[in-house]
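Beneath this line is the structure, given in structure tokens, with notes to follow.
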Amino acid sequence: MFQRILVANRGEIALRVIRACKDLGIEVVAVFSEADREAPYLALADEAICIGPGPSVESYLKIPHLISAAEISNVQAIHPGYGFLSENPHFAEVCRDCKIEFIGPPPEAMRLLGNKNEARKLAQKAGVPVVPGSEGLITDDQEALRLAHAMGYPVLIKAAAGGGGRGMRVARNDISLQTGLKAAQQEAQNAFKDGSVYLEKYIEQPRHIEVQLLGDRHGNIIHLWERDCSLQRRHQKLVEESPAPNLPESVRTAICESAVRLAKAANYSNAGTCEFLLDRNNQFYFIEVNARIQVEHPVTELVTGIDLVREQIRIAAGEPLRWQQKDIRQQGSAIECRINAEDSANAFRPSPGRITRWVAPGGPGVRLDSHACEGYQVPPNYDSLVAKLLVHQPTRAEAVACMSRALAEFRVEGIHTTIPLHREIFRHSAFMAGQVDTTFIERHWQKDRQS
Ligand code: MV4
């Protein structure tokens with residue numbers, strides 16, 4: 001096992017990894033930008049190293065700075081957290097060249113799955129359903145038109161290098177397909193330096209279901225069941241839960257088994273997530289793999305009782321998985337609310353600043369993952385996540401009630417947060433009935449609010 005690990009991240013996930021290291025008896029080195037100099041979690045690390053100015057391109061994204069910090073502090077491994085360099089295969093390769101373990105999947109699997117069109121081809125080969133669409137990349141308008149006519153409008157133009165909703169365009173007729181193609185290629189070229197796009201049938205009002213995977217470096221891969229992440233606004237998730245409500249047992253099993261087949265085909269190891277869309281007939285389609293630990297991983301930790309970050313570290317150290325598939329149970333119902341420093345009543349404007357009051361909820365079945373506290377200054381430079389509030393209860397109805405209670409207890413002053421929005425969601429009858437899809441927030445909120 002490692003004696004010392006560096007955490008190449010900030011905020012709540014840096015704290016989460018620090019805690020996992022402490023639980024494993026491993027020393028931990030934190031890094032920080034000048035904007036995070038005062039962050040309270042840095043005091044919990046055995047060492048903290050400044051890696052540059054506030055902007056992440058000059059600090060948390062600067063590979064040489066991170067590698068230097070790792071060399072100076074004599075760590076054996078780097079945990080990338082989520083975001084930043086977590087899905088950068090080049091960073092994983094640099095770590096390998098420097099003889100530092102990257103706590104994540106092998107760079108080859110990251111590179112393969114990072115290309116959405118390649119991932120799609122692999123899924124097809126592994127017998128995993130994909131959304132009907134083009135065989136490969138789209139090279140000319142005529143081919144796109146032929147395909148669109150064959151599958152029928154609406155279609156979705158997707159960037160091969162995209163992901164998380166970036167570089168997508170819906171086309172509902174020939175004209176919008178032709179203009180959309182040009183725009184999507186241009187946008188993808190600018191954003192990802194790769195203008196290649198492909199076509200899919202557009203699934204209307206889908207649910208977003210994802211499967212948590214864990215694989216060791218000896219070829220064993222298991223799933224830890226699914227999460228429903230349908231509640232989102234502009235690709236920013238708001239609420240995640242497990243099990244997915246109103247999902248037939250046969251569909252749940254089929255989705256989870258598909259995810260394992262795909263991960264095996266990709267020679268995947270460490271923690272990862274396979275994302276699917278579910279249409280209104282409960283047909284599921286693979287969309288992409290997230291080759292990292294995700295923000296919402298604690299939802300799965302609660303229902304399975306497995307500490308995913310701890311297992312990531314063990315796997316990177318070469319240990320075999322400690323469970324077989326039959327040992328993984330999905331117990332009770334877990335729900336997470338993402339608490340962001342944003343004004344949900346005002347177009348979700350970012351709301352950085354000093355937290356003047358912070359009364360955290362607690363009690364039975366409540367977990368709060370947060371690096372914030374009273375007096376903490378939320379910097380304007382980064383993602384606005386300030387807390388993840390989770391509950392775990394025997395049934396979904398009890399989990400919803402527990403979350404409402406916890407949200408009522410939670411008091412934050414000095415900054416705006418998404419807590420008031422969550423309070424509304426948790427008393428909404430459609431949400432309480434588990435009638436969720438990716439358009440829920442726009443349909444129930446966005447129209448009545450400024451955006
Ligand atoms: C889709 C889709 C409808 N049809 N693909 C958005 C992010 C990326 N991971 C895939 N996404 C979508 N792909 C087809 N063929 C709708 C979405 C989508 C979505 C997916 C998951 C979660 C939220 C979403 C919000 C809007 C659109």
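Both counts, for ligands and for their atoms, begin at 1 and track the order of listing. Side chains included, hydrogens not; waters and symmetry mates left out as well; all remaining heavy atoms used.
- For ligand 1, the atoms closer than 4.0 angstrom to any heavy atom of Tyr202 are 3 (C), 4 (N).
- Some N or O of Lys158 is nearer than 3.5 Å to an N or O of ligand 1, by distance alone.
- Applying the 6.0 Å contact sphere to CD of Glu135 captures no more than 12 heavy atoms from other residues, nucleotides or ligands.
- Close contacts of ligand 1 with Ile287, meaning ligand atoms under 4.0 Å from a residue heavy atom, involve 9 (N), 10 (C).
- Checking His235, Arg234, Arg233 against atom 27 (C) of ligand 1, the nearest heavy atom belongs to His235.
- Atoms of ligand 1 lying under 4.0 Å from any heavy atom of Gln232, numbered from 1 in the order shown and given with element: 23 (C), 25 (C).
- Checked by distance only, ligand 1 and His208 stay at 3.5 Å or farther apart across all their nitrogen or oxygen atoms.
- Ligand 1 places these atoms under 4.0 Å from at least one heavy atom of Lys201: 4 (N), 14 (C), 15 (N).
- Every atom of ligand 1 is numbered from 1 in the order shown, and the set under 4.0 Å from a heavy atom of Glu275 is 9 (N).
- Each of Glu240, Glu301, Glu210 was checked for a salt bridge (Lys or Arg N to Asp or Glu O under 4.0 Å) with Arg227, and the lone residue meeting it is Glu210.
- Listed by number with element, the atoms of ligand 1 under 4.0 angstrom from any heavy atom of Ile203 are 3 (C), 4 (N), 14 (C).
- Partners of Arg349 by salt bridge (Lys or Arg N to Asp or Glu O under 4.0 Å), not counting sequence neighbours: none found.
- Each of Ile419, Leu407, Asp369 was evaluated against Leu389; a single residue qualifies, Leu407, per the side chain to side chain contact (heavy atoms under 4.5 Å, CB included) test.
- Geometric assessment of Arg423 against the ring of Phe431 yields a negative cation-pi assignment under the 6.0 Å and 45° thresholds.
- Checking each of Glu200, Arg120, Arg169 against Lys158 for a side chain to side chain contact (heavy atoms under 4.5 Å, CB included) leaves exactly one that passes, namely Glu200.
- One option in Met168, Glu210, Glu288, Lys116 has a heavy atom closer to atom 17 (C) of ligand 1 than any other, and that option is Met168.
- Listed by number with element, the atoms of ligand 1 under 4.0 angstrom from any heavy atom of Glu200 are 5 (N), 14 (C), 15 (N).
- Which parts of ligand 1 touch Val131 is read off a 4.0 Å heavy-atom cut-off, strictly below it: atoms 15 (N).
- By the ring pair (Phe, Tyr, Trp, His ring centres under 6.0 Å) test, His392 pairs with no residue at all, sequence neighbours left out.
- Atom CZ of Arg329 sits in a sparse spot, with 12 or fewer heavy atoms from other residues, nucleotides or ligands closer than 6.0 Å.
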